[in-house]
There are 4 protein chains.
Amino acid sequence: MHRRDLFKQGLAAGAGALATYSFMRPQPAQAQSRSNTVKPGQFWPDGIRMPMSLSLMFETGAQPATGAPTPFGNFTPPPGIYDLPTITWYRYGYTEGVPRILDVLDKYKIKITSHMSGRTVEMYPDRAREIVQRGHEAAAHGWNWDNEFNMSYEQEKAFIQRNVDMILKVTGQRAVGYNAPGLRGSVNVLNVLNDLGFVYHIDDVSRDEPFIVKLLNGKTIVVVPYAVYMNDIRAYEARFFSSEQYLIELKNSFDRLYEESAYRRRMMAVTMHDRLQRPEHVQTFNEFLEYVIQKPGVTFMKKIDIANFANNDPNTIRENIADVYPNVPNFEKKTS
Amino acid sequence: MHRRDLFKQGLAAGAGALATYSFMRPQPAQAQSRSNTVKPGQFWPDGIRMPMSLSLMFETGAQPATGAPTPFGNFTPPPGIYDLPTITWYRYGYTEGVPRILDVLDKYKIKITSHMSGRTVEMYPDRAREIVQRGHEAAAHGWNWDNEFNMSYEQEKAFIQRNVDMILKVTGQRAVGYNAPGLRGSVNVLNVLNDLGFVYHIDDVSRDEPFIVKLLNGKTIVVVPYAVYMNDIRAYEARFFSSEQYLIELKNSFDRLYEESAYRRRMMAVTMHDRLQRPEHVQTFNEFLEYVIQKPGVTFMKKIDIANFANNDPNTIRENIADVYPNVPNFEKKTS
Amino acid sequence: MHRRDLFKQGLAAGAGALATYSFMRPQPAQAQSRSNTVKPGQFWPDGIRMPMSLSLMFETGAQPATGAPTPFGNFTPPPGIYDLPTITWYRYGYTEGVPRILDVLDKYKIKITSHMSGRTVEMYPDRAREIVQRGHEAAAHGWNWDNEFNMSYEQEKAFIQRNVDMILKVTGQRAVGYNAPGLRGSVNVLNVLNDLGFVYHIDDVSRDEPFIVKLLNGKTIVVVPYAVYMNDIRAYEARFFSSEQYLIELKNSFDRLYEESAYRRRMMAVTMHDRLQRPEHVQTFNEFLEYVIQKPGVTFMKKIDIANFANNDPNTIRENIADVYPNVPNFEKKTS
Amino acid sequence: MHRRDLFKQGLAAGAGALATYSFMRPQPAQAQSRSNTVKPGQFWPDGIRMPMSLSLMFETGAQPATGAPTPFGNFTPPPGIYDLPTITWYRYGYTEGVPRILDVLDKYKIKITSHMSGRTVEMYPDRAREIVQRGHEAAAHGWNWDNEFNMSYEQEKAFIQRNVDMILKVTGQRAVGYNAPGLRGSVNVLNVLNDLGFVYHIDDVSRDEPFIVKLLNGKTIVVVPYAVYMNDIRAYEARFFSSEQYLIELKNSFDRLYEESAYRRRMMAVTMHDRLQRPEHVQTFNEFLEYVIQKPGVTFMKKIDIANFANNDPNTIRENIADVYPNVPNFEKKTS
């Protein structure tokens, strides 16, 4: 089914679904006139209006031994010199960051997905186990921060397999969701993930809802989309947002998606990094959670649950890999 | 007529025009004493006090296949490597961004100008047609993001002609307004545009009102000015504004121009990019629209309508190209 | 007199001066016990509690013909290519920026100092004359944006002399205050300025009050200090402040200096650039002026008036050039 | 004792300690069930709920003679050229910055730790003495801003010894706390500090409480942690925060740590730099002090007092150097 057809259906379905929620707002005339073939309640299961999906990157120690990105701007040592304060900055994720955010998640009974670097799980098995034991999904994040984008097929497969094996050994959970380091797998990554039995990946920011990618070999993988703007590493480290600015940005993003969720399938993804679960950030993130948790129809879902639902729902958008990555010769366009 | 003379007239005219609007504020003594040769109502037609001019850049897929600007800071692959998540980031403009903002514009019955890259129209003809069918102006934006500034005359002409042809073929509309990639045409660009029958271009930020540029060959082209500070790609991507900060900036800019529009010809230009029509941005931009739409005398105009009005109005500022681009040998100064 | 001695006196004097103003706040115990040799009223003349000093950089067209700093981030052409939109960005200072801010200054009857590049005055003599005719001080800013810091003594002297001559020819005013391009004169700059009869320069941010520098040849020059943080080119262009953030910063700076002005000589300097007098910036700057203008004892002074007062006041801080620029061999330390 | 064991104890102790403070908030279920072996009152001495630790970097003139970081973005001269305005920018720390913040600290009777560069103390002995005479701790900060991270053992020892000697000679106080330039000592730094009799260092951001590092030779040194996000040089200079944004960030950080201090040992560190004690920053920092000083159980402590308490308390976290700096071959992991 084509995306635009689904879009029309979704809008009409939303008109019907509105009765379920306290939210009500006049829609544009054009939206009202679209045909109504998706039934109310089909956007998400169990009466959910819109799911939130949080992920926690657990990657302390996965950074390069020297030359890693650092928050200490001046006097930056050249690669080859051990940068002691920066090492302790990364380590904060293990010592303070993960325990702090896990306590907050427990307070609200929120279950999330944690993408774990293999090397991190090896270094800190107790913390990896704690994440899983407190009810969260263990997903994969590559062995460490090596550049995955220029690996050969076999190198990339080994890089991810080693990650999966370590998570399984330490936590007892088999990861079926993937996030490449810096989101950047090679052009083979979806085939590799398929070979390794992954159900979904998140390294695609092209939509605000899950969708299915059809590979050239006829198999499929689900995208549970990342939202690079709703990501503390970008907000705090790359864009210099204060915690307060990020809080407002999160609320604005939520408000819009929540409005749209009345007539379309929408989800909101927020990404957290272990070392940034600092006092000021968790203080404001806590406020965001308080804001959304009271909204009718909002539920927190693990990514695997979103992926499984999308995979089994006939209304989920399906796309050829050549359409998702246009202008990439490796995915030379097939007629669809 | 010289700009300064017009300025004097404008101020006096504004004093008369004040009675038409609820807005009233004491003007500086000097302003009050200026001569009154421009009649009230001559700044804009149809009782308009100040027009707003929005543009939507539709350019998904026009970026280079590798090495394009990316919001994913770390692990950036070198040119030559396909950067998969960044490709999906651009694609968001097509999948989510344009539909979202078109719905908002419909809600307020606002018509705008969309600058379309030729390659984008070729890749996504349905979306290009949708923009035009929903009532907006199709304008040109170059074939793709190739550097236009160092093309030869013939190369540049072909680069723009191909863009115009594709828009015409797909949407049925002939573009007569131009915006070069990154605003940067070559020193020949105004002559090329003139040759190709363009009425206006927007790659000039030197004024807050339209004006006419006299070329060396005696012909003219209208400038409908760009406002680089009121531009989401600059605000969000380059300056790290949050959506809330940008909203306040937009309101402050509007307030000042609206005040000045009581005694001078003023307009406000705001530029939007397809891939940045994200939930948090559209949420705050929607609030800006709510803010301005209720102000007496504010109307949204397509750029072609502004250009045509300016072209036919004797009070429009006229300038020699040598004055617009001082110190550029190609436009060696003629006596004016 | 040594700075620290004056500091002690200033604090005590402030205790006495408090009665003159509505402002009152407990001072630290140590401050109260300092000796009282500066009489109330000696900080500034004419009952002034604290002067504000605004400067307007008029420098349209003084930038390099190619390769100048640009607000248009992507597609930046290499030096040698004429960057048309950037040229129009600079030109905004002449067409819109200066007229806009002059109107605001007139509204509040504020007189300021305008640092004018020589080339700019040559290109736009009418605007330079207008600035002076509306009551403002014409000061020097170098001929253009050439690097002054590595000129020879004679080159630097000619570079500044040409600037002074052009201002005098066009406006009839002889500049006696200097601001080097980017604040950066060579190590000879103070001697050159002394040779050329300058009374003061502003390229020193080491104090929040004027002071006198003793040169090695026994002559002196006054510093009317710059405040790089209270400068729109830094706030908007380099630090990405929104207009609203800068407004709050200005108010916070004012509030602290105003408090301190009860017991010390304080001044507040704010720098504006022609091309940044955009609608949103002037809107918020106008609000700042409204905020300060109602405070008891606040007056706007031209820099030349501040310099003359400081030069003639025995309580003005005096420093050896070797102390102002420590660790610079050219000013080898003399015993003081 | 292992960190996680202490963590469990801390949470339980916090449950008991809650009665001492007005603050009360439901804890997560998991936290409530942890064993209770730390007694109420053991987190900090003297009924303190949470200490604040401020540090003031006194480093005017310690920067390189040419090529030092500068707030003046354009026209930056190459190394080898003396950059006069930048020299005056650093000098502000001595002339205005330190006196201003010392007055504020006196007003609130707050005692802090000042990390002093040796060269600065040599250049400005009166100011160094004033800091100590007004009751603050003199700590070390290296001789100047030379790169410490690639010095040999003997070079680094001499670099620090010279710093200690100068502080002792000028102020009469022997520094026992260390902060390397840019936080970056060599891999030998902890042994060097141990050799020189230092009690603590601050160049570790891995925790929000003090802890003890066990060196390979069996000796120990205390970490009184730095908080790079609560640091004006980072907030204002590197991240472009306005003073107001930083104020909100400080309050958010405080609020979270204060909440956590009900059941764990927590401290809040804030770092100030001499040259950034500008009017707008001190104005907002003053507001932060007003905010925290009224909270029950909050006390300002010098770092040496925190270090001594931590050193003598059996509940202080103890870690092997190999765990603090994982993946650094110099600290090859020993069994613990």
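Below, read A as the first sequence line, B as the second, and so on, with proteins coming before strands; counting in each chain starts at 1. None of the values given here were measured: they were computed from a predicted structure.
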Notebook entry, point to check: Is chain B contacted by the side chain of Thr284(C), its backbone, both, or neither, given a heavy-atom distance below 4.5 Å?
Noted result: side chain
Margin query: I need the residue from Val282(C), Leu105(C), Thr88(C) with the largest number of non-hydrogen atom pairs under 4.5 Å to chain B.
Written below: Thr88(C)
Notebook entry, point to check: What part of Val189(B) is in contact with chain C, defined as an atom under 4.5 angstrom from a non-hydrogen atom: side chain, backbone, both or neither?
Noted result: side chain
Item checked: Expected output: side-chain Arg256(B) to main-chain His281(C) donor-acceptor under 3.5 Å -> no
Next item on the list: Check each atom of Leu276(C) against the heavy atoms of chain B and say whether the ones under 4.5 Å are side chain, backbone, both or neither.
Entry: side chain
Margin query: Here's a test for you: under side-chain contact (heavy atoms from CB on, under 4.5 Å), which of Ile81(C), Thr86(C), Leu84(C) qualifies with Arg184(B)?
Written below: Thr86(C)
Checklist line | Which atoms of Asn327(B) approach chain C - backbone, side chain, both or neither, heavy atom under 4.5 Å | finding: both
Margin query: Does any backbone or side-chain atom of Phe241(B) lie under 4.5 Å from a heavy atom of chain C? Answer side chain, backbone, both or neither.
Written below: side chain
Notebook entry, point to check: Tell me, side chain or backbone of Arg275(C) under 4.5 Å from chain B's heavy atoms, or both, or neither?
Noted result: neither
Next item on the list: For the pair Gln245(C) and Gln245(B), evaluate side-chain hydrogen bond (donor to acceptor under 3.5 Å, both in side chains) and give the outcome as yes or no after the intermediate values.
Entry: CA-CA 9 Å; Gln245(C) 284 180 290; Gln245(B) 284 180 291; 2.6 Å; yes
Notebook entry, point to check: Is the side chain of Arg91(C) donor-acceptor paired with the backbone N or O of Asp204(B) at a distance under 3.5 Å, no angle test?
Noted result: no
Notebook entry, point to check: Which residue out of Ile248(B), Asp208(B), Val223(B), Leu257(B) racks up the most heavy-atom pairs below 4.5 Å with chain C?
Noted result: Asp208(B)
Notebook entry, point to check: Parallel under 30°, tilted from 30 to 60°, perpendicular over 60°: which one fits the rings of Phe240(C) and Phe240(B)?
Noted result: perpendicular
